[in-house]
Each structure stands twice: as structure tokens, then as C-alpha cells.
Amino acid sequence: MSSRWYPIYQRGNPQLRVFLPNFWMKLVRPEEKQPKNVVQFKVPTGMTNYDIQNYLEKIYKIKVIKVESNIENGKLRRAILQKYGPIVKDDDFRRAFVTLPRDQEFEFPEVCVTEEQKKRSSEDEKSSKMSGEMFKNYLKKQADRPGLPGWFSF
Amino acid sequence: MLRAMWAVRIPKQNAPYYALGRSVTTACVYEQENRAEYPPILDLAPESTEMRNEIYAHEKIRNLSTIEEKTIGINMPRYYGWQSFVVKDKVLPYDFLPFAQTITKTKIYEVDTLPNQLSNDDCQQFIERIKPQLEDSLVFEFNRNMSRGKEIISDKNYEESEKKNELAKNVAEQVNRIFLANLAADYPHLFEAQIDYEPRIEGFWNVHGFAATKEDKEMRKKKNVSQEKLEDPVDRWIHYFGRPIIQVRHSLPLSPVPQDKWLPSTAPPSPDSNVVKTVFKEFHIPNYDYDPQIYLKLPCDRKHGVSIPGFWPNDPQKFGLLSILTNEYLEHRPPNFGESEHQEAVHAQAILASFAWLLGQATYQGFTTCNEITYPFVNQSIITNGKTFSFYLYQLNTIRFFKSNDENMSPIAPNNICWGTKSNELFHEVTDNCIVGWNDDVLKNLLSCYMNVPKARDHKMCPYLGKEQVVANIEDVKRRVWLHNRHRVLTSHRPRHRLVPEIYDWERIYKIEFDTRGMEARRRFFELDQDPLNERRLDDHYGPYIPRKYRDFGRRIRSKRFEDMYYPNV
């Protein structure tokens, strides 16, 4: 199955066999304190709790005790630079909490661990810090001469 | 650290200071300084102030003289009720025991013999007497249950309808009837006992120590709490709703378990018991501080908190002997939870039911979740599905789980204790209208529960109640009637007359998150920096209006247009 309408089952039709589900589940890092045997996912809104359970059990061979999920609102934001323009809303998503057996534990892995990734992220941080400081200096310079462009003096 | 700079109170002098020489005045001041009364120096840091206010409010509740006023007193800070987690007796999610233990601070020992178990000689004659009667009624109930839910159309044709599982309830009622009838002659306390069928049990208490959620952190940020304190643990209110099948209560309390019996003894098993002795298992109090709304799917509801042990405050039989509960919900739990998890769910049910019932009883002795109990309460409970029985003995040692309590009592805070047995079958099966394979251990446990005699204690039972004890004894008619009605309305859990204030979606988007309507008049509560749900107090309303013809003989006087209210001063 790919991106097409999931055929509604009618009595008498042949049994539906799904070989490749149209869903994808995103494992997310928990923002709050969470029991060790619970895993959090962001999934499409069309996915049901049974779908989630089957997805994990059939594809990844994970033993699932129960699935709780609820649909969350997408974030509201201004369309242009988060600051101007009309208010728009991001897409809704479903947040799923999957409970594993009590004796199992799951910890969200540290993904960026290689030297190269660390170096890149530190460089990014450095440059954003620099630009932030430059902007601060600019504001300071312009404080007592409102309306003048930045290139006006040396 | 900030210190309060209070003015030093010095008795007034009669002569003005300028009439005398300076040296005389100073001498006078020095002399008087010895007699000066200094108020205590208080720590004015925000946390200590908060803590002091908490203790001060609880002291006020303690000083109220009637049970009903104390109940109203707990609810005084919230007009629309406290936001609380609703725990129901037969809704037991996966891995519920750690949560149940955390919110009741209970240590549970899974044992073979409860501390109240009798010796074999005492039981044997009663077992012989009771067995045939029990057999008759059990066989009857099991046969009745088999045919229930079948609509007989013709001789060999019947239709299965939805089967109502009432076997556990019926068996519990029969067992209770037979034991009471046979033992009441020898044990007069059973004769005096009061029996309630399906009473309404509620418990309402506070637990400190849950991890702060995202919303908590946002609230704290709004209140300018410093960065390192954003993650501090928070308080949560728990509201338990239960309905046991039967409860037996008496005017005297059960005696507390002696300390040497707290830990199960390692005595050799009695030779005549046919059950293989298991190793005793101890469940320490875990710290389950995760959000139960997400991980246990507990509903979070705004409710007026009341603790009700199944009867009204002026009932003379105020102490519990025994409560019988059922666990037929186990049939509907998913089998993939596992056998040991099901067993722990039953433990959790017993802990919560016992704690809530004892909390209600303690409330009727004048203790609340704000005021610690001064003596232990004890309760026995039986959980059955009609065939298997498990027995529990619960000793309530503490009911106050506030932050101030945690800090004062650390490191050795008192905890509640529960002793419980595993589920055991009363008999093996019913064949040819006969019961096969009696388990005498279960019968002995049943007997021990009924033969546990309550005793009078030699200390004051209700130290925190005044001479009136209940509202019904108040002499002032107006005050009595008003308090009675207020308490009744509070316990009914009906919603308030006025609707709870609500923020509409469009307001949240266009007024709160994005300020797009700057020119509009700011009239709504969230624009005026008000929080009616958490700040409006219970007494924040007028009394009933007095029409002019009933006041001041019809004169045009504007004073006192509303009737008096008698809210407790908390």
C-alpha cells in the first residue's frame, strides 16, 4: 500500500492484505519525566491504537502492552518570520504513548555523537552567538539616532 | 536572608520625653527594654512564607469544632473545587501498584498468614458448623449463575443474552450472612455491628512530590518563579470513589497490630495446611511521580473534596471492622498483562479501598488530610470473585502528605502498612451439587476477620473536635441549618450554579497567544490578570437576598440586604 485511499472492507470482498503500511511513526524524546517502560511517538492522525500496536509488533517484533494516543493541535504561528503576516496553524498530529512490559526499559538514544557532528554543532552555535552579538551592537549604536540607516557612519 | 524588622513594642510612658533630660529618658528606655515583648523573627523568603501559611491554614482547620465544618474548611480556598485526580475502585490500569503505594505511602507485605490469624483450635468447631451451610448457599449461587443470562425459549433452545456477573456479589452476601448468623451468639460485637450494603465511599487527600509537568512550569514562569525552582515537585489532590459490596462497622475500633508482628515471623508452617508456603514478599514504597493523567489515563476533574466512609457523621458506629470487595473486573483486563500483574492489581485495589475508607473514618474522628492522626486506625478487607479470596489487613499510621510534613518528618516519615495474602481458592469446584476440595486456610482467614474483636482504647479518640462534634449539635438554629445545607450541597458533587469560566478558542488565538485586538476593552478575566478557578474562594459570593418588606420593617435602609453566611474562618 502506498499513498492511496485505504479501501473500505465490504462483506464478501477478499481479505485485505497490507504489505507496506502508508504510515510512518516518529520516535520522539520525552519533554517531561516519563516511566522507563514508556515510549513516545508522533504518528499520523489517521492511525488508530490498533494500527500502532500492529505496526510495532509485526514490523519491529516489539511486545506491546498497551497504547494510549491522542490528537494534538499543531503549533500556531505567524506566517512570515514568526513575526508578521497572518496567523497560521501547523498540521495536527497524534502523540502515542506505547507501554512496554514492566521489566523492559527504553531510553531515547543520543543521536549526535560523532566528532564531526559535535564539531559542526559547536560551529553553528559559535556563529549564531556572533551574529546575535553583532545585532546587539547595532542596536546599541542606533539607540540615540533613530531612523538613520546602519551604513550612515563609519 | 531577609529578616523581619518588627517594631519593638514598649509600654507607653506617661511623661513626654522632652520634659525630662535625655539621659533620664534613655535610662528609662533601657529599663523598659527588659520588659519589651518581641514578636518571633520569621524567615521572609517566599518558600518559608508559603510553608508557614500552609501550616497556619491547617491549624485553623484543626481548631474547627465540627466534622462538617472541617470538610467545608478544606474546600474554602477553591470556589469551583480542587483540581484532582479521580481514582475509581475498579479501574486499574497496567502497573498500578507503584502509583497506589506512592499516593497512600503504603508498604505492602505479601504473606501467608495475616497478623490477625487465629490458631487452629479456635476455628475448628466453627468451621465444622459453617461448612454445610456454606456449601448449600454456594452451590445454589453457582447454579443460579450458570443459568443466568440464558433466555429459555423452549426445552433445548435457549439464547445467551448479556451475562451480568453478579456471582461475586451474591456469594459475598451469603458468606457474610452465614458468618454473622453463626458467630453472633459467641461474639457479641457482631451482634452490635452495623452492616452497609454497597455504601458510597469517597476519600480526598493531598500528595506532594509529583514531577512538574509542562503546564506547571508555564504557570510558574508566569508567577516569576526563579529558573532553578521551575522543576520542583508539585502537590496533587486525589479523589477516590469506591463502592464495596458490604461493610461492617462498630462503635469501637480494632486494636492496632503490635510492633513485633509487623514483620512476618518465620515460624514453620502448620502441618495440617495443604497450601505450599511461599516466600514472603515485601513491596517498598516506590516514588511514582510521573503524570498519572498521561501514563495511567486517570481523569483530572475539578471537584469539591469530601471524605465519606459510607455513613453520615452522626452515626454511632464509626469504626470499620471489615469490608468485602469484588474483583470481577479481572476478567476484562487484557491477558497480556500477565498473572503477577493481575495479582498486584488486586493488591492496589485493596490498598486504595482500605486507605480511603480509613481516611473517611479518620475524618469523622476530626482528623483531615491537613491534620495528622494521633493514633492508628485498622481495617480488614476481603476481595473475592466468588471463588478465590484474598485477605488484607491495613493499618493507617499517617494521612498527611503535604510538603511541610515531608520536610518536618524526614528522614523517617511514618508510613501505612498493608498485609495481604495471595488469591486463594475457597474450594476446587462444584460437581453434582457438591463442593469438592475445600481450602480450610481460606475459611480460617474468613473466621479470623469476623472474630477480631474491637476494643475500647484508653486515649482521647477525637482530640481535634470541639464539644459539638457534629453540626447537628450546634445550638444556634440558623447556623446549624445553614451549615447542614452547605455540607450537603458540597457532598452532592453537583456543579456550581454559575458556569465555570471558560476561554474560548478564538480568544486564546487572537487575544492571548497573539495580541490582535489591541483596541478592544479588556473585560474578560484573563485580560484582568484574574484566575477565578484557582483564586476565587468558596465564600466569594453573597448570601440570599432579603426582600425589603422583611428587613427593617420596610424602612428605606440599605444596610444588611443579604442573609448571614456561616463559612468557617479558614
Side-chain angles (χ1 to χ4, degrees), chain A residues 28-43 49-50 52-54 56-58 61-90 92 94-108, chain B residues 91-99 102 209-218 230-234 236 283 286-300 332-345 348 505-517:
Chain A
V28 289
R29 189 188 293 278
E31 289 174 20
E32 290 172 16
K33 207 177 168 191
Q34 181 171 290
K36 279 175 184 158
N37 59 339
V38 173
V39 192
Q40 212 183 107
F41 292 97
K42 280 185 184 179
V43 300
N49 286 0
Y50 291 110
I52 295 168
Q53 182 166 355
N54 285 331
L56 293 172
E57 280 179 353
K58 298 281 154 62
K61 308 277 181 277
I62 290 167
K63 195 182 173 193
V64 174
I65 292 290
K66 66 166 185 182
V67 179
E68 307 278 6
S69 71
N70 47 318
I71 295 180
E72 281 189 22
N73 280 327
K75 220 176 142 192
L76 287 163
R77 58 182 172 81
R78 292 278 192 179
I80 303 164
L81 294 173
Q82 312 292 334
K83 213 171 172 189
Y84 313 103
I87 296 166
V88 292
K89 181 167 166 286
D90 290 346
D92 291 353
R94 184 183 282 275
R95 195 187 289 277
F97 296 95
V98 176
T99 308
L100 308 175
R102 288 185 291 175
D103 46 353
Q104 289 183 17
E105 283 183 15
F106 174 81
E107 204 176 327
F108 195 88
Chain B
V91 183
L92 294 149
Y94 183 71
D95 204 13
F96 201 50
L97 185 63
F99 176 73
T102 308
F210 279 95
T213 60
K214 245 191 291 178
E215 289 87 45
D216 288 318
K217 281 176 212 163
E218 268 164 34
L230 283 182
E231 306 259 341
D232 280 0
V234 288
R236 294 273 185 256
F283 294 88
N287 186 20
Y288 189 97
D289 59 351
Y290 315 108
D291 187 1
Q293 224 182 322
I294 296 177
Y295 306 110
L296 300 171
K297 272 280 176 198
L298 288 188
C300 199
H332 306 297
R333 293 185 102 217
N336 67 345
F337 284 9
E339 200 55 47
S340 68
E341 205 281 334
H342 287 316
Q343 180 62 62
E344 285 185 18
D505 282 349
W506 71 268
E507 285 177 324
R508 186 172 294 287
I509 299 167
Y510 295 109
K511 284 184 160 187
I512 297 176
E513 296 203 4
F514 303 97
D515 188 13
T516 56
R517 303 176 144 242

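Sequence lines set the chain letters: A, B, ... in the order given, protein chains first and strands last, and positions in each chain run from 1.
Within 6.0 Å of atom NZ in A:Lys89, more than 12 heavy atoms from other residues, nucleotides or ligands are found, so the atom counts as buried in its surroundings. No more than 12 heavy-atom neighbours from other residues, nucleotides or ligands sit within 6.0 angstrom of CG on B:Asp505. Counting non-hydrogen atoms of neighbouring residues, nucleotides and ligands closer than 6.0 angstrom, the CZ atom of B:Phe283 exceeds 12 such neighbours.
Atom-to-atom distance recorded for A:Glu68:CD and B:Gln293:CD is 12.0 Å, nearest 0.5 angstrom. With rounding to the nearest 0.5 Å, the separation of CD in A:Glu32 from CG in B:Asp216 is 8.5 Å. Rounding to the nearest 0.5 Å places CD1 of B:Ile294 at 8.0 Å from CZ of A:Arg95. Atom CD1 of B:Ile509 and atom CG of A:Asn73 lie 8.5 Å apart (nearest 0.5 Å). Of the inter-residue distances, the one linking B:Asp95 atom CG with A:Asn37 atom CG reads 6.5 Å to the nearest 0.5 angstrom.
Ranking B:Asn336, B:Thr516, B:Asp291 against chain A, the residue ahead of the rest is B:Asn336, based on heavy-atom pairs under 4.5 Å.
For B:Lys214, the parts lying near chain A are the backbone and the side chain together; criterion is any non-hydrogen pair under 4.5 Å. For A:Lys33, the parts sitting under 4.5 Å from any heavy atom of chain B are the backbone and the side chain alike. Within the 4.5 angstrom heavy-atom criterion, atoms from both the backbone and the side chain of B:Tyr295 approach chain A. There is no contact between A:Asn70 and chain B, counting heavy-atom distances below 4.5 Å. Both the backbone and the side chain of B:Glu341 come within less than 4.5 Å of a heavy atom of chain A.
Shortest non-hydrogen contact noted between A:Glu31 and B:Lys217 is O-NZ, 4.5 Å. Nearest heavy-atom pair, A:Leu100 versus B:Tyr94, reported as atom, atom and distance to 0.1 Å: O-CE2, 4.0 Å.
Proximity to chain B among residues 80-88 of chain A is limited to A:Ile87, judged by heavy-atom separations below 4.5 angstrom.
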Under the criterion side chain to side chain contact (heavy atoms under 4.5 Å, CB included), I'd like the reasoning laid out for B:Glu344 against A:Arg102: C-alpha separation, chi angles, the key distance, then a yes or no. CA-CA 12 Å; B:Glu344 285 185 18; A:Arg102 288 185 291 175; 2.7 Å; yes
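For B:Glu513, the side chain to side chain contact (heavy atoms under 4.5 Å, CB included) partners two or more places apart in sequence, or in a different chain, are A:Leu76, B:Arg508.
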